[in-house]
Structure formats: structure tokens, C-alpha cells
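Worksheet for the structure shown next.
Letters go in sequence order (proteins before strands), and every chain restarts at 1. Since the model is a prediction, treat every value here as computed from it, not as a measurement.
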2 protein chains.
Amino acid sequence: MAITIYDVAREANVSMATVSRVVNGNQNVKPTTRKKVLDCIERLGYRPNAVARGLASKKTTTIGVIVPDISKNFYSELSRGIADVATMYEYNIILSNSDERTAREVELIEDHLGKQVDGLIFMSDSISDEVRAEMATANVPIVLAGTLDVEEQLATVNIDFEEAAYVAVSKLIENGHQRIVFVSGPFTKDINRISKRNGYVRALEDVGLVVDESLIVEVENTYDNAYEEWQQIRELAGKPTAIFAGSDIIAVGLLNGIRDEGLSVPENYELICFEHSILARVVRPQLTSIVVPLYDLGAVSMRLLTKLMNGEEVEQQQVILPFRLEERNSVK
Amino acid sequence: MAITIYDVAREANVSMATVSRVVNGNQNVKPTTRKKVLDCIERLGYRPNAVARGLASKKTTTIGVIVPDISKNFYSELSRGIADVATMYEYNIILSNSDERTAREVELIEDHLGKQVDGLIFMSDSISDEVRAEMATANVPIVLAGTLDVEEQLATVNIDFEEAAYVAVSKLIENGHQRIVFVSGPFTKDINRISKRNGYVRALEDVGLVVDESLIVEVENTYDNAYEEWQQIRELAGKPTAIFAGSDIIAVGLLNGIRDEGLSVPENYELICFEHSILARVVRPQLTSIVVPLYDLGAVSMRLLTKLMNGEEVEQQQVILPFRLEERNSVK
DNA sequence: CTGAAAGCGCTAACAC
DNA sequence: GTGTTAGCGCTTTCAG
């Protein structure tokens, strides 16, 4: 049996209320008794039971984080940002992987709410109606991190993905390209189907170029798939001369596909991608890419959540962070 | 105010004990009353309070995971293995980053124990005395994942890192090399200072080669640092002809250092490394490397922890998983 | 098969 | 400043 607040109280000849005050840093305790209690706590090795505290106070100082797959760089970097700010505000994190399966997402939200988290940070490819309904039953604030809410009802933290795509594609257009392939990750992701795609289309239309749907190619977001798909992409009619890739990993797959047939980047194809993880820097040529501030996306999401949990007035629930284009050697 | 078990009981005209039985799948409930209760639960949208349950039952179905840095591939992959098995056994995970700082590690263990986790999985570069002392106060099982315990007292899951290094270096020796540089990550990590180093030394000594300490180089485990360090390494006396790198990321840094001065792998230097993450596959030449089964390390750790939490008899507390050498193109 | 009742360890009024 | 006393929402004997 572990030491309880009651044991400490008896040992120190005070009431449990006083021990509670000392443990919680309440100032209404005489210094001498505070010291006496602290000594007993030390001596007995008392460790406050957060579960009991949670039940009594109705706050667990724990938040839930639901992520598609923590082993993917995108989410692990973002999570680190969340974690650091959570630590700063003394919250713990319950972390779960959803694999972007709606049923699992609903289950996890339910599960986390059952654990009485004080708030929730959610990431996914898109927000299904079921998830939206489940979120509506929550009595704690929820923030979407790096995740679009097409209905713009929920609190979110993102970059302007459409604008980023626009900037990337415009760069290629400036360099004289007219036939630019957009190799996108799955269109099940709103960010791909809507944001990046719209940015691509808008960039072309703004300079009077015709959008050729055959130049929009959807691939899995994996190295191997992108590598293989290159065989199809190179055969596209009208000889594309530049590529806008939806992620580092896709870009690297294409890059190696291109090089393995004896062609090169940027001589034969110029290439710009999204994310700028370490992958973009280790390959040669290094990849010109949109830098997504993953860590900051997480950090700001958590900061927003703390405000919401404190009931603070938040002017803008949809936060947009800046991005930039990192110019390396995959474009001339 | 949220719906409680008491509300459901009143609505269903049964006692809260019966509702509890239904919720917990206890068989001693008549099917008709079970259905009646289930209906009320559904209708009221009752969601069991895991905190109250935890206090009453003294089990939280939550485990703690303390990791140096979740944004590093090594740990995020390992964590995914832990998470999947945790899900299988219906445990949640509280995840915290320690940055390998002892004081922080101690604080986190204390914190997690306060949250009443049912078990703990711990990862670090080495187990300091303070951490060992803190762990000794725990009344729940602890497993070290991918982390050495030089005193062999704690439950651990690893591969035989020394043997893996031995195999890697022996491969280079077989290929005719006599002057092999070992570019290691920080020696603050037991795995580097002890295991990999010993494997390197033993491989050389087994074939009668002299160990030249100047060929053992310690670098930070980052791409940039390895890239820069290449400038020193290339100047080493006696012209080394092969490299054994402690990780993918170090190997990639060296590889680019080598190539940027117009030399090539494997022609001028043969190279073998550890880990085999995606990095080893995207660079050219692809890297021959020891494959560390990160996901499995995590999965098996969690499985071991479940046994320990159930009080099952565990024959061997130190589990060693197999590894293999993946042969690619950085050696001839 | 079901109900009553005693806690689990702590917080939070409310007294004094 | 400090103590008393209700709960927080649930599990778990123990009766019946």
C-alpha cells in the first residue's frame, strides 16, 4: 500500500487539508508547519496520487493527442512541438495512432474523453461526419493541428497550404515551364485534394496556362510508390519539364526514378516539393521545397489549446502560420 | 454535469452495481436487464469515467513511455511498435520526452508514477544512478527498450549491438580492409561506448589486426556534424579505406562529404552503417547496413511489460531480438 | 442475479 | 492558519 496524504498528515500532526495545501503551493500555511510537512513528505516518500486528484478536482492536467502515425516524420516532429509546450504548462500527453481510419478515430476520441483529458489535439487527413459528431459530444476544447476543417467550425492551426503550392508552382512557371506535373499524395487528404491542388491550378490559370488534368497524378505517399510511378509519369503526353511534388518522400522517389534512367535534376526536370525534412537535404541535388514549420504547428496548437482550456477569449480560432520556399538545387 | 453511472441506474431502475456489471462485461446479469441498461447507456450517452474507475480499481490501463526525443526516427518507430501492442491489450500511453537529461528523466518517472501508470517503458542513452534509484521506488514493472542496462538488473529488450557491430566490421575485413574507421555517435551512449565499440575491437582482434585508437572517431549524431567531420576523418594517418558508421544519419553525412570532394563510395571507401531507416535507401549508393528492428523492439517491450503487469512468470527478463545485415551498394 | 454500502485518495467549501 | 466534512464516480465485497 502506497503512502497517502493521510499518512503524511498523521506523521506531521496536521490535517490532510494542510498537507494538501502544502502540496499545492497554497500560501495560507505557516512556514514552520510547511517545513514540517515537507519533511514528512520527504521522509515517507509520499507521491501525490494524480488519479484521486483528478477525480476530486475534475481536472487531469492531461491532454489527448490523436495522430495518424507517430512513426511518420510529419507527425513526430509536430508532436514534439506539442509536447514541449505541454511540458511548459505542466500537461501530460496521451498519444494514440489512428492510421486515419474513421472508425478508429471515433473510438479514440471516445476513449480519450473517457480518460477525462482536459483537451484534445487531433490530426487527420480529413474530418469525417462521424468524427465531427463525436467531437460535438466533447465537453473539452479540441484543436486540429496541420489538419484542414473544410467547414471552418473547429479551432485549427495550419499554414496556407494552397498559397504555398501557388508559390512553388509559380516559381516553376517563372523558370519558363509550361507543362508542370503535380504528383500529389492521396486525394483522400483534404490538404492534397483541395489546398495544394487549388494552389497548383490557380498558379497556372493566373498566367493563362491551361490546366491539363492528365498532369495531376495521385500516388501513395511512399518512396517506393513514387519511384515506381515515375515510369508512368515520364510517358505523359506533351513532355512535362517540371514537377511539383506533394512531399519530400514523393520527390525523392521521383528523383531516384529520374536518375536511374540516366537523366538528371534540374537539367532534364526541375523539381519542387513540400515539407523540407532531412530527406530534402541529404539527397543530391538537394531539393528546393516549401518549408512546413512542423514543430511550430504543434507548439502553437498546444498553446492555443491551453488558452481554450483556461476559458480565455481567443480572437481567432483559425491560426495560419507563415511558410517559406527554401531554394536549393533541384531548380535552376 | 456529465452523465454518471448513477443517472443510468436510476433511468434503468437498477442499482449502480448492475450498471457497473454491464459496463464491465460481467456475465452475472440477466440478458433482459442487460439490454435495458445498455439502452439507457445509449440513450443518455453515458461514458464511463476512467479516472473514477482508476481510483476505485487501482488500475489505470495506462502505461508511461519515456523517450529521449520522439521526433527522432529511432524512437518514433520504436514507439509505434509499443503503441500497437498497447492498443491490442487496451492500454493507453502517456508519452514524454526526456532529451536524455538525467534530471528530467527522474522528474518524468516521478511524474508518471504519480499518474498511477500500470507500467513504464523507458529509453535513454544510459541508466544513471539517479534514474536507477528512482526506478527502485516504483511499485510497477519497468522495461527498457533499445536501452542498455550495464548492471543487467532491469528488464530489457535489445538486439545484440556488439555482435551486430562485429558482423558489420567483419564484412569490411573480409573485403580486404585493414584500416577501418569507426565513426561513432556520442560515447555518452552506452550502446556506442560499450557495445558497438567492443564489437569493432573484437572483429579486428579476431583476425589479428591492431586496434588504432585514432581510427575511433566520436561525432554528434547529426547529418551536419558528420558532414563536417569528414574533413578531419579524411586526414587520418595511414589512409583508412573503409568506414563503419554508428548510424544512418552519420553515414549519410560522411557519404555526402566524400562525394562533395569528388570521391566515391564504394570505390574509394566502403561504408557500412547501423539502423537502416529510409535514409539508407534514398541515397545513392544505397547503404549496406545493420537492420535494427525498431518496431519489433517496441512491440516486444510492450508485450513483455504486459506479462510483468499481469504478474506472469517471465523466464528471461533480458530479451535479445535478431538483427541482419542488409547488403546494398556501399560495399563492393 | 441483484442491491446496499464501504471505500479509493484527494480537493474544496466551510467553519473556527 | 488550520481542521472538518462532503463528495468526485466508480469497483468491490457482502448479503440475500
Side-chain angles (χ1 to χ4, degrees), chain A residues 1-38 40-41 44-62 90 110-111 113-118 139-140, chain B residues 1-38 40-41 44-62 90 110-111 113-118 139-140:
Chain A
M1 193 81 282
I3 307 295
T4 73
I5 199 171
Y6 202 77
D7 298 320
V8 177
R10 182 158 24 73
E11 184 78 6
N13 279 310
V14 296
S15 71
M16 55 189 297
T18 297
V19 178
S20 176
R21 288 188 186 98
V22 171
V23 168
N24 292 296
N26 187 316
Q27 287 309 304
N28 293 73
V29 181
K30 188 162 55 172
T32 54
T33 83
R34 173 188 303 285
K35 173 146 185 5
K36 185 172 60 176
V37 171
L38 249 17
C40 290
I41 287 177
L44 298 180
Y46 168 66
R47 179 184 291 142
N49 181 325
V51 172
R53 183 184 298 201
L55 184 59
S57 70
K58 297 182 168 303
K59 303 163 97 290
T60 54
T61 61
T62 299
E90 304 195 281
E110 182 74 14
D111 183 28
L113 293 176
K115 291 268 175 168
Q116 311 302 118
V117 294
D118 294 337
N139 47 345
V140 298
Chain B
M1 192 81 280
I3 307 294
T4 73
I5 199 171
Y6 202 77
D7 299 319
V8 177
R10 183 158 23 74
E11 185 78 6
N13 279 311
V14 296
S15 70
M16 55 189 296
T18 297
V19 178
S20 177
R21 289 189 186 97
V22 170
V23 169
N24 293 294
N26 187 316
Q27 286 310 303
N28 293 75
V29 181
K30 188 163 55 174
T32 53
T33 84
R34 172 188 306 283
K35 173 147 186 5
K36 185 172 60 178
V37 171
L38 250 16
C40 291
I41 287 177
L44 298 179
Y46 168 66
R47 179 184 291 142
N49 181 325
V51 172
R53 185 184 299 205
L55 183 60
S57 69
K58 298 183 167 302
K59 304 166 95 287
T60 54
T61 62
T62 298
E90 304 195 281
E110 183 74 12
D111 183 27
L113 293 176
K115 292 268 176 167
Q116 311 302 116
V117 294
D118 294 336
N139 48 344
V140 296

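- The separation between B:N26 atom CG and C:dG3 atom P is 13 Å, rounded to whole Å.
- The CG atom of B:D111 sits 7.5 Å away from the OG1 atom of A:T61 when rounded to the nearest 0.5 Å.
- When the P atom of C:dC8 is taken as reference, atom CG of A:D7 falls 11 Å away, rounded to whole Å.
- As rounded to whole Å, 13 Å separates atom P of C:dG9 from atom CZ of A:R10.
- For the pair B:S20 and D:dT11, the criterion of a side-chain N or O lying under 4.0 Å from OP1 or OP2 is met.
- A:R34 contributes no side-chain N or O that forms a donor-acceptor pair with the base of D:dG1 under 3.5 Å.
- Comparing atom distances between the A:A52 side chain and each of C:dC10, C:dA4, D:dT11 picks out C:dC10 as nearest.
- In this structure, A:V14 reaches the sugar-phosphate backbone alone: every heavy-atom distance under 4.0 Å involves primed, P, OP1 or OP2 atoms, never a base.
- D:dT4 atom P lies 14 Å from atom CD1 of A:I5, rounded to whole Å.
- Between B:Y46 and D:dC10 there is a side-chain N or O to OP1 or OP2 distance below 4.0 Å.
- End-to-end axis angle of the helix from C:dC1-D:dG16 to C:dC16-D:dG1, using five pairs per end and rounding to 10°, comes to 30°.
- Residues A:K115 and A:T62 have side chains that never bring a donor and an acceptor to within less than 3.5 angstrom of each other.
- Between B:T18 and C:dG3, a side-chain N or O to OP1/OP2 separation shorter than 4.0 Å is present.
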Quiz: residues 23-30 of chain A side-chain donor-acceptor pairs under 3.5 angstrom, not counting sequence neighbours:
residue, atom, partner, partner atom, Å
A:N24, ND2, A:S20, O, 2.8
A:N24, ND2, A:S20, OG, 3.3
A:N26, OD1, A:N28, N, 2.8
A:Q27, NE2, A:G25, O, 3.3

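- Residue-to-nucleotide contacts include no donor-acceptor pair under 3.5 Å from the side chain of B:R47 to the base of D:dG9.
- Both A:A50 and B:K30 lie close to DNA chain C; mapped to their nearest nucleotides by heavy-atom distance, the more 5′-ward contact belongs to B:K30.
- In this structure, B:N49 does not reach the D:dC8 phosphate: none of its side-chain N or O atoms is under 4.0 Å from OP1 or OP2.
- One atom, CD1 of B:I41, and another, P of D:dG9, lie 16 Å apart when rounded to the nearest Å.
- Screening A:V8, A:I5, A:D7 for a side chain to side chain contact (heavy atoms under 4.5 Å, CB included) with A:M16, the sole residue that qualifies is A:I5.
- The residue among B:R21 and B:L55 whose nearest nucleotide of DNA chain D lies closer to the 5′ end is B:L55.
- In this structure, B:V140 and B:D118 have side chains that are not in contact, with every pair of non-hydrogen atoms separated by 4.5 Å or more.
- The side chain of B:K58 places no N or O atom within less than 4.0 Å of a non-bridging phosphate oxygen (OP1 or OP2) of D:dT12.
- Phosphate contact (OP1/OP2 of D:dG9, side-chain N/O of B:T4, threshold under 4.0 Å): absent.
- Taking atom CZ on A:R53 and atom P on C:dC8, their separation rounds to 18 Å, with Å as the unit.
- Here the CD1 atom belonging to A:I3 is positioned 11.0 Å from the SG atom belonging to A:C40, to the nearest 0.5 angstrom.
- Rounded to whole Å, atom C1' of C:dT11 lies 16 Å from atom CD of A:Q116.
- With a 4.5 Å cut-off on side-chain heavy atoms, B:R47 and A:L113 count as touching.
- Among the protein residues, A:N28 comes within range of the nucleic acid bases, having at least one heavy atom under 4.0 Å from a base atom.
- Both B:M16 and B:T33 sit near DNA chain C, but only B:T33 has its closest nucleotide nearer the 5' end.
- Comparing B:S57 and A:A17, the nucleotide of DNA chain D nearest to each residue sits closer to the 5' end for A:A17.
- Nearest heavy-atom pair across A:Q116 and A:T60 is O-OG1, 2.8 Å.
- Between A:N24 atom CG and C:dA13 atom P there is a gap of 13 Å when expressed in whole angstrom units.
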